[in-house]
Protein chains: 2
Amino acid sequence: MTVSKAAEKSAEATAKGAEAARARKDAPDDAGEALQLGELSEQLGYVLKRAQLKVFENFLHCMASLQLTPAQFSVLLLVEKNPGRNQTEVASTLGILRPNFVAMLDNLESRDLCARIRSTNDRRSHILVLTDKGKAVLSRAKKLVATKHEARLNELLGGANREALIAMLSKIANEF
Amino acid sequence: MTVSKAAEKSAEATAKGAEAARARKDAPDDAGEALQLGELSEQLGYVLKRAQLKVFENFLHCMASLQLTPAQFSVLLLVEKNPGRNQTEVASTLGILRPNFVAMLDNLESRDLCARIRSTNDRRSHILVLTDKGKAVLSRAKKLVATKHEARLNELLGGANREALIAMLSKIANEF
DNA sequence: TATTGTTATACTCTATAACTATA
DNA sequence: TATAGTTATAGAGTATAACAATA
C-alpha cells in the first residue's frame, strides 16, 4: 500500500466514524443535517459569488414584466448616458467582448429598444442610440429597480450601509 | 415613416451631433475618450459582478502554483470541515447541482486530492474524504489565500471594513 | 416507490481567430 | 496596414431528463 493510499484509508476510518455517529444521532452538537461552512463563510470570493447570484435573481424577478436582464439594462443605461458612441466603445466599457456584443444588440434592436446607425465620419462604425420605445422602457425599468430592487436592499441593510457597500465593491472592482 | 422610426431619426440626429462634437474635441467637459458610467456606478448588481470577477481573477493568480479554482477550494474546505458526507450533501451546500459535481470530483480525485468511498450504511452513497495530499495542498492553499489574497483586500479596505463587507454580503446571500 | 451517482444533453457566457468593409 | 463589425467556434458554467444500483 502506498503512503497516500494508507492516508486515504485512515481518512476513510475517520469519515466512516463521523458518518456512523451521525446515523446514530449521538453527536451532541451536531444538528444532524446541515453541513458546517467553517472558513468558507469568511471567504470573500464565496460570499461575493453567492450574493451576486441572489441579487441577479431578484433583479430578473423585478424586471419580469419588461424582460430585461442585468446586462441588457446596463447597455440601455450606458447608451442613454452616452449617445453617439459605437459598439466597440460601449462593449469595452461594460467588459463585453465585441463578438459577444453582436447578438446582444441584435436582440435589443429586434425588440426596437435601440438602433445601430452607420457613422458618417467613419463608415466602419455603428453608432448606438435608444429608440423612442427604448427610452420609455428604460424609464419604466429604472422605476422598477428603484421601487422593488433597491428598496429591498435598503430594507435589508439600511441606506447608509448600502452606500458603504457600493463604495467598497467599486473600490474592489477598480483597484483590486 | 412610423412614429418609432421618426423618434429613431431624432435620436440619430442627437447622436451624430454628440459624435461630431467629440470628433472636433470641442466639448469642454468631455475627456474625449472614456464613457460616463452614470447611474451604472450605483447599481448594486453591476458593481457586485465587476468586483466578483476581479476577486476571482486575483484568487486564480494567487493559486497559480496549486492550480485550484475558487470552486475547487470551496469543495476541499467543506470536505475537510465535514468528513463523512456524501456527494449530494456537499454539492447542494455549495449550490452545485449533482450532475455537475461528478466531473469536478473526477478532477480532484484524479489529482489525488480527495477520494470517494462507498458507504457501508447506504451502498448508494459515496462518502467524501480528503487524501493525505489533499490535506497538505489545502493547508498550503489556505496560507496562500491568507498571505496574498486576503492581505491584498485588507490593504485596500482595512480590516474593519473587510469584516463589515463580508457581513453585508453574507446577509444578502442568505436573506435577499 | 424513492434516492444516489451518473450519463447525456442543452443553453448561456465567455474567449479567440479570421473574414469584410472601410480607413 | 490597421480598425469596426461580424461570423464561426470552442470552452466553461449551469440546467433538466433519464438510467442503473440500491434502499
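As a basis for the values below, the full set of heavy atoms in this structure was taken, side chains included, without hydrogen atoms, waters or symmetry mates. Per chain, numbering begins at 1; letters A, B, ... match sequence-line order.
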Consider the side chain of B/His126, meaning its heavy atoms from C-beta on, and name the nucleotide among D/dG5, C/dG5, D/dA21 that approaches it most closely.
-> C/dG5

Can you tell me how far P of C/dA23 sits from CG of A/Asn86, to the nearest Å?
-> 14 Å

Hey, is the side chain of B/Arg116 poking within less than 4.0 Å of OP1 or OP2 on C/dT6, counting only N and O atoms?
-> yes

B/Val102 side chain: which of D/dA15, D/dG5, C/dT7 is closest?
-> C/dT7

Atom-pair distance (CZ on A/Phe101; P on D/dA8), nearest Å = 20 Å

Candidates C/dA15, C/dT22, C/dT3 - which lies nearest the side chain of A/Asn100 = C/dA15

Figure out the CD/P separation between B/Glu89 and C/dT4, and round it to whole Å.
-> 8 Å

Interatomic distance, B/Arg98 CZ vs D/dA18 C1' [rounded to whole Å] | 15 Å

Taking the side chain of B/Pro99 as heavy atoms from C-beta outward, which of D/dA17, D/dA8, C/dA23 is closest to it?
-> D/dA17

Between D/dT22 and B/Arg123, is there an OP1 or OP2 to side-chain N/O distance shorter than 4.0 Å?
-> yes

Minimum-distance nucleotide (side-chain atoms of B/Asp122 versus C/dG5, D/dA23, C/dT14) | D/dA23

Atom-pair distance (CD1 on A/Ile117; P on D/dG5), nearest Å = 13 Å

Give the rounded distance in Å between these two atoms: CD of A/Gln52 and C1' of C/dC13.
-> 12 Å

Salt-bridge test for A/Lys142 and A/Glu80: reply yes if a basic N is under 4.0 Å from a carboxylate O, no otherwise.
-> yes

Side-chain N,O (B/Thr88) to OP1/OP2 (C/dT3) below 4.0 Å | no

Spacing of B/Arg85 atom CZ relative to C/dG5 atom C1', expressed in whole Å = 18 Å

Atom CD1 of B/Ile96 and atom C1' of D/dG13 are separated, to the nearest Å, by 11 Å

Indicate, with yes or no, if A/Leu60 and A/Leu156 share a hydrophobic cluster defined by side-chain heavy-atom contacts under 4.5 Å among Ile, Leu, Val, Met, Phe, Trp and Tyr.
-> no

Ignoring the backbone of A/Gln87, work out which of C/dT4, C/dT14, D/dG5 is nearest its side chain.
-> D/dG5

Is the number of heavy atoms from other residues, nucleotides or ligands within 6.0 Å of CD (B/Gln67) greater than 12?
-> no

Between the side chains of A/Gln87 and A/Arg98, does any donor sit under 3.5 Å from an acceptor?
-> no

More 5' along DNA chain C: A/Arg118 or A/Leu97, using each one's nearest nucleotide?
-> A/Leu97

B/Ser125 (side chain) donor-acceptor with B/Ile127 (main chain) under 3.5 angstrom = no

Would you kindly compare A/Thr120 and B/Ile127 by the position of their nearest DNA chain C nucleotide and give the one closer to the 5′ end?
-> B/Ile127

